[in-house]
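Starting from 1, each residue takes its place in the sequence as its number. All ligand and atom numbering here is 1-based and tracks the order in the structure. Given the structure is predicted, the values throughout are model-derived calculations rather than measurements.
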Amino acid sequence: MAEQEYDLMHKDDVVASLQLDDLSGAILKVTPSASPELLPLGGSQGADSLRKWWLRRAVPISQGNIAALLQQEGIPSTQRLLVRNLGLSLSDHYWIKPSGSELTWKDVSPFSNAFSSLSEAAAAHFHSPDAALQGDLIKKWLIVDDTRCLLKGNRGANSQQSLNEVLASMLHKKQGFSNHVRYRPVKFTGSASEQYGCICKDFASETLEFIPAIDVVDSEKKDNAVSTYEHFIHVCAEHGLSEQEVRGFLEYQVLTDFVLTNTDRHLNNFGILRDSQTLKFVRMAPIFDSGNSMFWDAPRLPERSDCTEITVNSFRKTETELLKLVTDRSRVRMDLLPCRNEIAELYAKDDSIAFVDSILTGYEKKKVLMERFMEKGLPEQTHLKRSTGFER
Ligand SMILES: Nc1ncnc2c1ncn2[C@@H]1O[C@H](COP(=O)(O)OP(=O)(O)OP(=O)(O)O)[C@@H](O)[C@H]1O
Ligand SMILES: [Mg+2]
């Protein structure tokens, strides 16, 4: 088996020596450096965890046109594509340096150097940070007026996921909650029907790097008696965040995801920002990726359901279970939520979004449920409160 030697780097510090499989780009062997604290948090629990972190770092084969690109360029795997692009990312400061190379972070950092899209990278002699870009939706990094920006598309030929991101931005703004990504709609020209994508600024920088919650959770062994939710809060507190801040953020996110029916708040869809010099956690990363919401994949659902049993991909299996995590219901103001007309106006940008009335009916049903929760808590919590009052 042919192999290649690389150093895994964190800016200009060597984190580990790696032997990579020439063909697949997978990690064959890891020799950690004398600074284990520099290992990526999600790959810090032994060689296997680093292998998995590397695999997870590679752009998913299911994203956009990646499978076609690999075939066209004769690249055998997404990890190999990642190696070709030196593992560079615009979300954090890890990369790989071929053994014997004199390259420095200054030479390669996508935060300060030009870069290309994946299809142009080889011809343009640039590296592309898109090879380390997660998520299923088609997307790419761009430089707009010297600012690193992420352009996202949709699944299929309607714009709802992108417009949902714009809606979430509008909601957080109206709530006066500033720690969220601001997505703007972008019209894609050239397509037969008018379609919108969305664009947002990079929330990582030369000094701050993003660590997804999955890596925070995986960085320490969890006691079986402790939930993943509490474990996440505990690890964040150990790295310098206040428990109150983390809980406040997560509860606000649960509440706003509920009203938007965002069913996809998995552990790669939120995280923290870390100072890459001190390695201390600085704050929760701004709320991003709220696109899989507003009944985007089941727009007729609200017509036949009371919307009380919606399943989610998150810390709990249903929205109702998630609401149980909320200790302070006043984190969201009902009177500041977007109204039906504002949402209708936003969706009217794209006439390919079907069943808008049904989606809006769903939103209003959710607002009623939320109102009830705000006033009385969940039915079983009401019961608890009532019985305590009765006993007294
Ligand atoms: N503004 C940003 N700044 C830095 N990194 C970002 C930003 N937005 C997204 N990312 C990174 O890119 C990844 C993919 O982005 P995003 O979650 O928006 O895509 P997606 O395709 O909608 O994901 P999913 O498959 O969860 O639906 C994120 O998990 C995060 O690591
Ligand atoms: Mg995502």
Side-chain angles (χ1 to χ4, degrees), residues 40-42 53-66 78 82 87-94 109-111 115 118 128-144 147-156 159-169 172 178-186 196-218 253 257 260-274 276 282-294 296-297 312-315:
L41 276 188
W53 172 83
W54 181 245
L55 178 60
R56 197 159 72 223
R57 187 176 184 81
V59 59
I61 188 99
S62 52
Q63 187 191 100
N65 305 321
I66 296 298
T78 53
L82 186 60
L88 288 161
S89 161
L90 270 170
S91 297
D92 67 27
H93 301 153
Y94 289 99
S109 164
F111 294 93
F115 56 82
L118 280 172
S128 177
D130 296 352
L133 194 44
Q134 302 304 299
D136 275 339
L137 291 181
I138 188 165
K139 57 176 76 59
K140 64 175 172 180
W141 288 110
L142 296 171
I143 302 178
V144 182
T147 302
R148 271 69 187 153
C149 293
L150 183 64
L151 178 64
K152 279 182 77 172
N154 308 279
R155 190 163 307 152
S159 316
Q160 198 192 342
Q161 285 160 302
S162 286
L163 295 181
N164 287 347
E165 299 285 22
V166 178
L167 168 60
S169 305
H172 299 308
S178 60
N179 197 16
H180 71 94
V181 169
R182 282 134 182 97
Y183 291 94
R184 282 186 301 108
V186 179
Y196 283 83
C198 61
I199 194 163
C200 66
K201 290 183 185 167
D202 192 349
F203 50 67
S205 65
E206 273 286 359
T207 52
L208 285 180
E209 53 185 354
F210 172 64
I211 304 182
I214 183 78
D215 285 18
V216 174
V217 162
D218 283 353
Q253 189 169 250
D257 280 344
L260 292 170
T261 314
N262 176 17
T263 54
D264 212 17
R265 190 59 69 197
H266 57 71
L267 296 177
N268 265 312
N269 275 345
F270 66 99
I272 62 95
L273 293 177
R274 172 172 92 163
S276 78
V282 176
R283 60 173 182 272
M284 294 297 297
I287 296 183
F288 68 96
D289 197 2
S290 309
N292 287 358
S293 56
M294 298 297 281
W296 72 280
D297 58 347
V312 291
N313 179 11
S314 190
F315 285 115

J.: Consider ligand 1: state whether an atom of it lies below 4.0 angstrom from any non-hydrogen atom of Trp141.
T.: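 True for this residue.
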J.: When the ring centroid of Tyr196 is compared with that of Tyr183, is the distance short of 6.0 Å?
T.: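 Not under 6.0 Å, so no.
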J.: Can you pull out the closest protein heavy atom to atom 24 (P) of ligand 1? Residue, atom name and distance to 0.1 Å, please.
T.: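 The closest heavy atom on the protein side is Asp289 OD2, 3.4 Å.
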J.: Check if Lys201 has a non-hydrogen atom at a distance under 4.0 Å from any atom of ligand 1.
T.: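 The answer is yes, since Lys201 has a heavy atom less than 4.0 Å from ligand 1.
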J.: Hey, does Gly135 come in under 3.5 Å of ligand 1, counting only N/O atoms on both sides?
T.: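 There is no such contact.
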J.: Show the nearest heavy-atom pair for residues Pro60 and Gln134, with the distance to one decimal.
T.: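 Residues Pro60 and Gln134, closest heavy atoms: CD-CA, 4.1 Å.
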J.: Under 4.0 Å from any heavy atom of Asp264, which atoms of ligand 1 are there?
T.: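 So the answer, numbered in order with elements, is 27 (O).
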J.: When you check the gap from the basic side-chain N to the acidic O, do Asp92 and Arg274 get nearer than 4.0 Å?
T.: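 Looking at Asp92 and Arg274, the cut-off is not met.
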J.: Can you name the atoms of ligand 1, numbered from 1 with element, that are less than 4.0 Å from a heavy atom of Asn269?
T.: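 What qualifies from ligand 1 is 17 (O), 26 (O).
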J.: Would you give the length of the straight line joining atom NZ of Lys140 to atom CG of Leu150, rounded to the nearest 0.5 angstrom?
T.: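 Lys140 atom NZ to Leu150 atom CG measures 11.0 Å (nearest 0.5 Å).
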J.: Taking Gln161's backbone N and O only, do any of them form a donor-acceptor pair with Arg155's side chain (distance below 3.5 Å, no angle check)?
T.: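 Such a contact is absent between Arg155 side chain and Gln161 backbone.
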J.: Looking at ligand 1, does any of its N/O atoms fall within less than 3.5 Å of an N/O of Tyr183?
T.: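 Looking only at distances, the answer is no, because the N/O contact criterion of under 3.5 Å is not met.
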J.: Under a 4.0 angstrom heavy-atom cut-off, which atoms of ligand 1 come close to Leu137?
T.: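 Heavy-atom distances to Leu137 below 4.0 Å select 21 (O), 22 (O).
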J.: Can you give me the closest heavy-atom contact between Ala132 and Ser89, atom names plus distance?
T.: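 What the structure gives for the nearest pair is CB-CB, 3.9 Å.
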J.: Going by distance alone, is a donor N or O of one side chain under 3.5 Å from an acceptor N or O of the other, for Thr263 and Asn292?
T.: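 Note: Thr263 and Asn292 side chains miss the donor-acceptor criterion.
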J.: What residue and heavy atom of the protein are closest to atom 14 (C) of ligand 1, and at what distance?
T.: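 Of every protein heavy atom, Gln134 O, 3.1 Å lies nearest to atom 14 (C) of ligand 1.
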J.: So which heavy atom in the protein is nearest atom 28 (C) of ligand 1, and how far is it from that ligand atom?
T.: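 Here the closest protein heavy atom is Phe288 CE1, 3.6 Å.
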J.: State, to 0.1 Å, how close Asn154 and Gly197 come at their nearest heavy-atom pair, and which atoms those are.
T.: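 What the structure gives for the nearest pair is ND2-CA, 4.4 Å.
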J.: Give me the atom names and distance for the closest heavy-atom approach of Tyr94 to Glu209.
T.: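 Minimum heavy-atom separation between Tyr94 and Glu209: CE1-OE1, 4.2 Å.
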J.: Return the closest protein heavy atom for atom 25 (O) of ligand 1 as residue, atom name and distance.
T.: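 Atom 25 (O) of ligand 1 sits closest to the protein heavy atom Asp136 N, 2.9 Å.
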J.: Look at atom 12 (O) of ligand 1 and find which of Leu133, Asn154, Asp202 reaches it with the closest heavy atom.
T.: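 Heavy atom nearest to atom 12 (O) of ligand 1 belongs to Leu133.
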J.: Between the candidates Gly153, Ser91, Ser290, which shows the shortest non-hydrogen contact distance to atom 10 (N) of ligand 1?
T.: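 When every heavy atom of Gly153, Ser91, Ser290 is considered, Ser91 comes closest to atom 10 (N) of ligand 1.
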J.: Run the contact test for Gly291 against ligand 1 with a 4.0 Å cut-off on heavy atoms, strictly below, and give the result.
T.: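 Gly291: no contact with ligand 1 (<4.0 Å).
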J.: Please report which non-hydrogen protein atom sits nearest to atom 6 (C) of ligand 1, along with the residue it belongs to and the distance in Å to one decimal place.
T.: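 Answer, as residue, atom name and distance: Phe203 CZ, 3.7 Å.
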J.: Classify the ring geometry of Phe288 against Phe203: parallel below 30°, tilted from 30° to 60°, perpendicular beyond 60°.
T.: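 Geometry flag for Phe203 against Phe288: tilted rings.
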J.: Which heavy atom of Leu88 sits nearest a heavy atom of Arg57, and at what distance?
T.: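 Here Leu88 and Arg57 meet closest at C-NH2, 4.4 Å.
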J.: Which residue owns the protein heavy atom closest to atom 22 (O) of ligand 1, what's the atom, and how far is it?
T.: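 I find the closest protein heavy atom is Lys152 NZ, 2.8 Å.
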J.: Which residue holds the protein heavy atom closest to atom 30 (C) of ligand 1, what is that atom called, and what is the gap in Å?
T.: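 For this ligand atom, the closest protein heavy atom is Phe210 CE2, 3.8 Å.
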J.: Under 3.5 Å between any N/O of Ala204 and any N/O of ligand 1: does that happen in this structure?
T.: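 Checking ligand 1 against Ala204, no N or O pair falls under 3.5 Å apart.
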J.: For ligand 1, which atoms sit closer than 4.0 Å to a heavy atom of Asn268?
T.: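 Those atoms are 29 (O).
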J.: Rounded to the nearest 0.5 Å, what separates atom CG in Leu118 from atom OG1 in Thr78?
T.: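 So the gap between those two atoms works out to 11.0 Å.
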J.: Less than 4.0 angstrom from a charged side-chain N to a carboxylate O is my criterion; do Arg56 and Asp215 meet it?
T.: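 Salt bridge flag = yes for Asp215 with Arg56.
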J.: Compare every heavy atom of Ala168 with every heavy atom of Leu260, then report the nearest pair and how far apart it is.
T.: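 Smallest heavy-atom distance, with atoms named: CD1-CB, 3.9 Å.
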J.: Which is closest to atom 19 (O) of ligand 1 in terms of heavy atoms, His266, Gln161, Arg148, Lys139?
T.: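 The residue whose heavy atom sits nearest atom 19 (O) of ligand 1 is Lys139.
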J.: Roughly, to 10 degrees, what angle do Asn269 atom OD1 and Asp289 atom OD2 form around the Mg ion (ligand 2)?
T.: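 Rounding to the nearest 10 degrees gives 80°.
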J.: Provide the number and element of each atom of ligand 1 under 4.0 Å from a heavy atom of Cys200.
T.: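 Every atom of ligand 1 under 4.0 Å from some heavy atom of Cys200: 1 (N).
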J.: Give me the residue, atom name and distance of the protein heavy atom closest to atom 9 (C) of ligand 1.
T.: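 Looking only at protein heavy atoms, the one closest to atom 9 (C) of ligand 1 is Leu150 CD2, 3.6 Å.
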